[in-house]
Undergrad: 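There's a structure below that I have some questions on.
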Amino acid sequence: MAALAGAAALHAAPAVLALAAPRRRFAPTLAGTGRADHVALTFDDGPNPTSTPKMLQLLADRGVTATFFLVGANVARHPRLAAEIAAAGHELAVHGLHHKLLLRYSPRRVADHLARAHELVATAAGTPPRFFRPPYGVLSSAAWAAAHRLGMRTVLWTTWGRDWTAQATGSAVYRTVARDLRGGGTILLHDTASDTAAPESWRATLAAVPTILDLCQDAGWKVGPLHDHGLPDPR
């Protein structure tokens with residue numbers, strides 16, 4: 001029993017880094033802290049044919065590229081849309097095979113899920129993904145190890161918009177991001193709604209992104225994907 005308890009604790013130990021304060025203090029690279037003159041813009045949970053094209057058009061109009069952490073099952077349902085994200089110059093990354101808490105799964109199942117998601121995203125992008133973000137930002141030892149074996153660096157975020165709630169508005173998402181945003185930061189937003197998010201919450205994100213980009217421009221920060229953020233190469 002003691003051995004089982006110890007194994008479970010080891011499996012779950014990285015989950016504490018889902019909390020912002022421990023992550024920023026003890027694991028800045030995991031948090032996505034990069035070059036001081038750059039801000040990484042990232043979106044989770046897609047692709048979705050209703051909302052993702054609208055975000056792509058907004059980013060194209062502003063001349064900005066970003067990193068899209070895609071759910072493998074969504075890529076399987078919408079492979080052409082995933083490929084369109086990459087063709088527009090954005091970086092594709094892995095957000096799991098399903099939007100499920102990875103602590104629920106055995107190490108073997110985690111490895112199998114991430115391998116399949118990696119394959120789906122690599123096919124859509126035409127190149128192997130370099131970055132992984134676990135659903136809900138909750139990391140397990142098994143997920144970290146599986147991502148590492150696949151050549152992916154795990155990256156969470158330094159600031160988020162809390163844009164998945166039914167109460168989210170463009171101004172509220174902007175204020176929440178801006179409160180903790182610094183040069184070198186990584187922003188977490190959502191280009192679509194997961195099963196646990198408010199169905200139309202992505203509209204608040206769409207409204208907030210222009211003002212977030214304006215803030216970064218006024219501060220002199222270049223906005224772009226994680227591969228331009230100055231993080232150590234995962235391979």
Side-chain angles (χ1 to χ4, degrees), residues 15-21 23-24 30-32 39-59 64 66-75 77-78 81-82 85 90-104 113 117 121 131-140 143 154-181 185-213 215-216 223 225-226:
V16 70
L17 296 173
L19 301 173
R23 183 168 68 248
R24 286 195 295 260
L30 176 65
V39 166
L41 180 61
T42 72
F43 296 93
D44 284 8
D45 295 358
N48 179 281
T50 299
S51 55
T52 301
K54 294 179 174 61
M55 187 63 69
L56 293 177
Q57 185 60 59
L58 187 160
L59 295 174
V64 170
T67 298
F68 284 76
F69 283 91
L70 304 183
V71 174
N74 291 344
V75 176
R77 282 190 288 267
H78 310 293
L81 178 55
I85 299 172
H90 303 288
E91 179 178 40
L92 304 192
V94 172
H95 196 41
L97 183 60
H98 306 286
H99 199 273
K100 304 291 185 183
L101 193 66
L102 293 178
L103 287 176
R104 298 170 53 185
H113 277 206
V121 172
F131 298 102
F132 164 66
R133 176 178 290 155
Y136 307 103
V138 177
L139 185 63
S140 68
T154 301
V155 177
L156 300 183
W157 59 88
T158 65
T159 186
W160 61 3
R162 296 189 62 85
D163 55 342
W164 61 88
T165 68
Q167 296 76 31
T169 64
S171 59
V173 172
Y174 167 78
R175 289 194 302 271
T176 304
V177 169
R179 184 170 56 234
D180 292 322
L181 185 59
T186 291
I187 300 171
L188 163 63
L189 295 170
H190 298 79
D191 62 298
T192 188
S194 71
D195 293 340
T196 56
E200 297 292 308
S201 57
W202 58 268
R203 296 185 185 279
T205 312
L206 198 69
V209 166
T211 55
I212 292 169
L213 295 179
L215 170 65
C216 293
V223 177
L226 281 167

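In what follows, residues are counted from 1 in the order of the sequence shown. These values consider heavy atoms only, across backbone and side chains, with no hydrogens, waters or symmetry-generated copies.
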Undergrad: Of the non-hydrogen atoms in Phe132 and Leu102, which two are nearest, and what is the gap between them?
TA: CZ-CD1, 3.8 Å
Undergrad: If you look at every heavy atom in Ala208 and Gly170, which pair is closest and at what distance?
TA: CB-O, 3.4 Å
Undergrad: Any heavy-atom pair between the side chains of Leu226 and Glu91 that's under 4.5 Å?
TA: yes
Undergrad: Give, for atom CG of Leu188 and atom CG of Leu41, the distance between the pair rounded to the nearest 0.5 Å.
TA: 10.0 Å
Undergrad: Can you confirm whether Thr165 sits close enough to Ser201 that some side-chain heavy atom of one is under 4.5 Å from a side-chain heavy atom of the other?
TA: no
Undergrad: Determine whether Cys216 and Leu181 make a side-chain contact, defined as any pair of heavy atoms from C-beta on separated by less than 4.5 Å.
TA: yes
Undergrad: With side-chain contact (heavy atoms from CB on, under 4.5 Å) as the criterion, how do Thr205 and Met55 come out once you've worked through the C-alpha distance, each side chain's angles and the decisive distance to 0.1 Å?
TA: CA-CA 9 Å; Thr205 312; Met55 187 63 69; 3.9 Å; yes
Undergrad: Ignoring hydrogens and angles, tell me if any N or O in the side chain of Thr192 forms a donor-acceptor pair with the backbone of Gly46 under 3.5 Å.
TA: no
Undergrad: Using the ring pair (Phe, Tyr, Trp, His ring centres under 6.0 Å) criterion, which residues pair with Phe68? Sequence neighbours excluded.
TA: Phe43, His90
Undergrad: Out of curiosity, Trp160 CH2 to Arg179 CZ, how far, rounded to the nearest 0.5 Å?
TA: 10.5 Å
Undergrad: I'd like to know if the side chain of Thr158 and the backbone of Thr186 have a donor-acceptor N/O pair within less than 3.5 Å.
TA: yes
Undergrad: Report the C-alpha separation of Leu56 and Asp191 in whole Å, then their side-chain angles, then the decisive distance to 0.1 Å, and conclude whether the side-chain contact (heavy atoms from CB on, under 4.5 Å) test is met.
TA: CA-CA 9 Å; Leu56 293 177; Asp191 62 298; over 6 Å; no
Undergrad: Apply side-chain contact (heavy atoms from CB on, under 4.5 Å) to Tyr174 and Leu215, showing your working.
TA: CA-CA 9 Å; Tyr174 167 78; Leu215 170 65; 4.0 Å; yes
Undergrad: Please check if the side chain of Thr42 supplies one atom and the backbone of Ile187 the other of a donor-acceptor pair under 3.5 Å.
TA: yes
Undergrad: Looking at every heavy atom in both Ala66 and Leu59, which two are closest together, and how far apart are they?
TA: CB-CD1, 4.3 Å
Undergrad: With sequence neighbours excluded, tell me which residues meet side-chain contact (heavy atoms from CB on, under 4.5 Å) with Pro53.
TA: Leu81
Undergrad: Side chain to side chain contact (heavy atoms under 4.5 Å, CB included) with Pro134: which of Leu103, Val94, Leu139, Leu101?
TA: Leu139
Undergrad: So do Val177 and Leu189 actually touch side chain to side chain, heavy atoms under 4.5 Å?
TA: yes
Undergrad: Counting distance only, does the side-chain N/O of Asp180 pair as donor-acceptor with the main-chain N or O of Thr159 below 3.5 Å?
TA: no
Undergrad: What is the minimum heavy-atom distance between Ala193 and Ala198, and which atoms define it?
TA: CB-O, 3.4 Å
Undergrad: Closest approach of Phe131 and Ala93, non-hydrogen atoms and distance?
TA: O-CB, 3.3 Å
Undergrad: Quick one: salt bridge (Lys or Arg N to Asp or Glu O under 4.0 Å) pairs with a partner in residues 40-53, sequence neighbours left out?
TA: Asp44-Arg133
Undergrad: Hey, what do you get for CG (Asp195) to NE2 (His99), rounding to the nearest 0.5 Å?
TA: 8.5 Å
Undergrad: Rounded to the nearest 0.5 Å, what's the gap from CG on Asp163 to CG on Leu206? Could you check?
TA: 11.0 Å
Undergrad: Return the minimal non-hydrogen interatomic distance between Tyr136 and Trp157, and the atom names on each side.
TA: O-CH2, 4.2 Å
Undergrad: When rounded to the nearest 0.5 angstrom, what is the spacing between NZ in Lys100 and OG in Ser194?
TA: 9.5 Å
Undergrad: Decide side-chain contact (heavy atoms from CB on, under 4.5 Å) for Trp202 and Asn48; before the verdict, give the C-alpha distance in whole Å, the side-chain angles of both, and the deciding distance to 0.1 Å.
TA: CA-CA 11 Å; Trp202 58 268; Asn48 179 281; over 6 Å; no
Undergrad: If I take atom CG from residue Leu70 and atom NE2 from residue His78, how far apart are they, to the nearest 0.5 angstrom?
TA: 11.0 Å
